Structure formats: structure tokens, C-alpha cells
Amino acid sequence: MALKRLAIFASGSGSNAEKIAEHFANHSEIEVSLILSNNPQAGVIARARRLHIPVILFDRKTFYETHKVVEILQNEHIDLVVLAGFMMLIPEAMVHAFPNKIVNIHPALLPKYGGKGMYGHFVHEAVVSAQEPESGISIHYVNERYDEGDIIFQVTCPVAATDTPEDVAAKVQVLEHQHYPEVVEKLLSTL
Ligand code: GAR
């Protein structure tokens, strides 16, 4: 069976990217072939180097005004694109080039607390100020709008009345690291 090839897009620290890469490090049928980022300062770059995964950096203009990033993914025979803390909207041409082959993780229970500007700590702050009794993670397909594609997987965690946004972030991160690699593996087995 041909090796299935993943590309991970990340803009920040890259802890999810690293968990996914570690999960597949000794896998016989799946590999993380590429990590792509729009942020030359992103922590994910050092992680990728440590993991010996090639990194591709691109800027906003290249992403939105050329087909270069899509061409790279096609030339590299990427089977699934995994967004892990990637903060840019995916251009329509890329969504069409990879139909149902781009997934994202969101640190809350969509459709609540999603959309433009709802990322990272902003999400957890909103959850705490709304006094939600629970939060969690949503893994979903990506379309041309922020956080609106079909949901593939959700799991919840309790939010205590005394929890700070940092407390919620820590609980959510445990769920992300625990579930994202496995959900990606399951999805790949159906491709
Ligand atoms: C994760 O919590 C992810 O769910 C979130 O960014 C964090 C990235 O952490 N994504 C979003 O908020 C997207 N709207 P990481 O860089 O350590 O993987």
C-alpha cells in the first residue's frame, strides 16, 4: 500500500503538530511529510527541525495571490492537510483542490466560540466570561469560512466556576494532544 502523506499547517507553538508527528514517527503507512507555516518566528519551526520534517515558509501574498502552496502540496502528493493552530483563512482555490481533505482543530465546542478572531486564548476567555459549564475540542473539515465546515469529532471537559482561561486552555490542550493524532489516523484509513 502506498504511504499516506500528511502536511501540517501551523502558525504558533506547534505542540499539536509535534504530537501528530510523534504519533506517526514509526508508522508503516502514514508519514508527516511537510510542515508549512506563515510565521517565521513560530515555535513549530524548531520542533519540525528536531523531528527532521521539512519546513516550508510562505507569506500572505504567496498564499492568497498565487497557487504556489497548492502546487507544493500537489507535487508532494499530500493526501491530507492538517491545520494545527494555523491562523489564516484557507483560500477558496485550496479548499477546491483538496475537497474534504483539509481538517482543523478548534479549542472549543463549535458552533459556539468560533469564527474570525476566535483563536487561542480569546476562545478560552470567552468561554470563562460566559460561565460555560463545559468546553472541549472540535475537529472539523475546512471550508472557505472560519470554523464552519462539518464537524468530525468533539469531546468535552468540565469548566469549574473558579477556572481561569489558562486553566481551561490546559484542559483543552490535554484533549487536543490525546485525540487529534487518533482522529487523523482514522480519517486517513478511510481515504
Ligand atoms: C490549539 O489550541 C488550537 O486548537 C488552536 O490554537 C492552538 C495551537 O496550539 N487553534 C485555533 O484557535 C484555531 N482557531 P499549538 O501551536 O501548541 O498546537
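Given the structure is predicted, the values throughout are model-derived calculations rather than measurements. For ligands, and for the atoms within them, numbers begin at 1 and follow the listed sequence.
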Practice prompt. Please indicate whether His67 has more than 12 foreign heavy atoms, meaning atoms of other residues, nucleotides or ligands, lying under 6.0 Å from its NE2.
Written response: no
Worksheet item: What is the nearest protein non-hydrogen atom to atom 7 (C) of ligand 1, stated with its residue, atom name and distance?
Response: Gly85 CA, 4.3 Å
Discussion item. Could you check whether any heavy atom of Met118 sits closer than 4.0 Å to an atom of ligand 1, since that is the contact criterion I want to use?
Written reply: yes
Practice prompt. Flag Tyr119 as yes when one of its N or O atoms lies below 3.5 Å from any N or O atom of ligand 1, and as no otherwise.
Written response: no
Item to complete: Could you check atom 4 (O) of ligand 1 against the protein and tell me its nearest heavy-atom contact, residue, atom and distance included?
Response: Glu176 OE2, 2.4 Å
Item to complete: Determine whether any heavy atom of Ile105 lies closer than 4.0 Å to an atom of ligand 1.
Response: yes
Worksheet entry | Heavy-atom side-chain proximity of Lys68 to Phe63 below 4.5 angstrom | no
Worksheet item: Quick one: does ligand 1 sit under 4.0 Å from the side chain of Met87, the backbone, both or neither, non-hydrogen atoms only?
Response: side chain
Worksheet item: Quick one: do the Glu166 and His124 side chains pair a donor with an acceptor below 3.5 Å?
Response: no
Worksheet entry | Which residues share a side chain to side chain contact (heavy atoms under 4.5 Å, CB included) with Leu51, sequence neighbours left out | Glu18, Ala21, Glu22, Ile53
Worksheet item: Relative to the heavy atoms of Ser13, which atoms of ligand 1 are at a distance of less than 4.0 Å?
Response: 16 (O), 17 (O)
Practice prompt. Please check if any side-chain donor atom of Asn38 sits under 3.5 Å from a side-chain acceptor atom of Ser11, or the reverse.
Written response: yes
Item to complete: Check if Gly120 has a non-hydrogen atom at a distance under 4.0 Å from any atom of ligand 1.
Response: yes
Practice prompt. Kindly confirm or rule out an N or O of Ser15 lying under 3.5 angstrom from an N or O of ligand 1.
Written response: yes
Worksheet item: Out of Gly115, Ala17, Pro107, who gets a non-hydrogen atom closest to atom 5 (C) of ligand 1?
Response: Pro107
Discussion item. With no hydrogens and no angle check, just 3.5 Å: does a side-chain donor-acceptor pair link Glu148 and Asn143?
Written reply: no
Worksheet item: In terms of side-chain heavy atoms, does Arg47 have a donor or acceptor partner in Ser13 at a distance below 3.5 Å?
Response: yes
Fill in: Donor-acceptor contact below 3.5 Å, side chain Tyr180 vs main chain Ala17
no
Fill in: Top protein contact for atom 16 (O) of ligand 1, by heavy-atom distance
Gly14 N, 2.7 Å
Discussion item. Students should be able to answer this: which protein heavy-atom is nearest to atom 9 (O) of ligand 1, and at what distance?
Written reply: Asn16 ND2, 3.9 Å
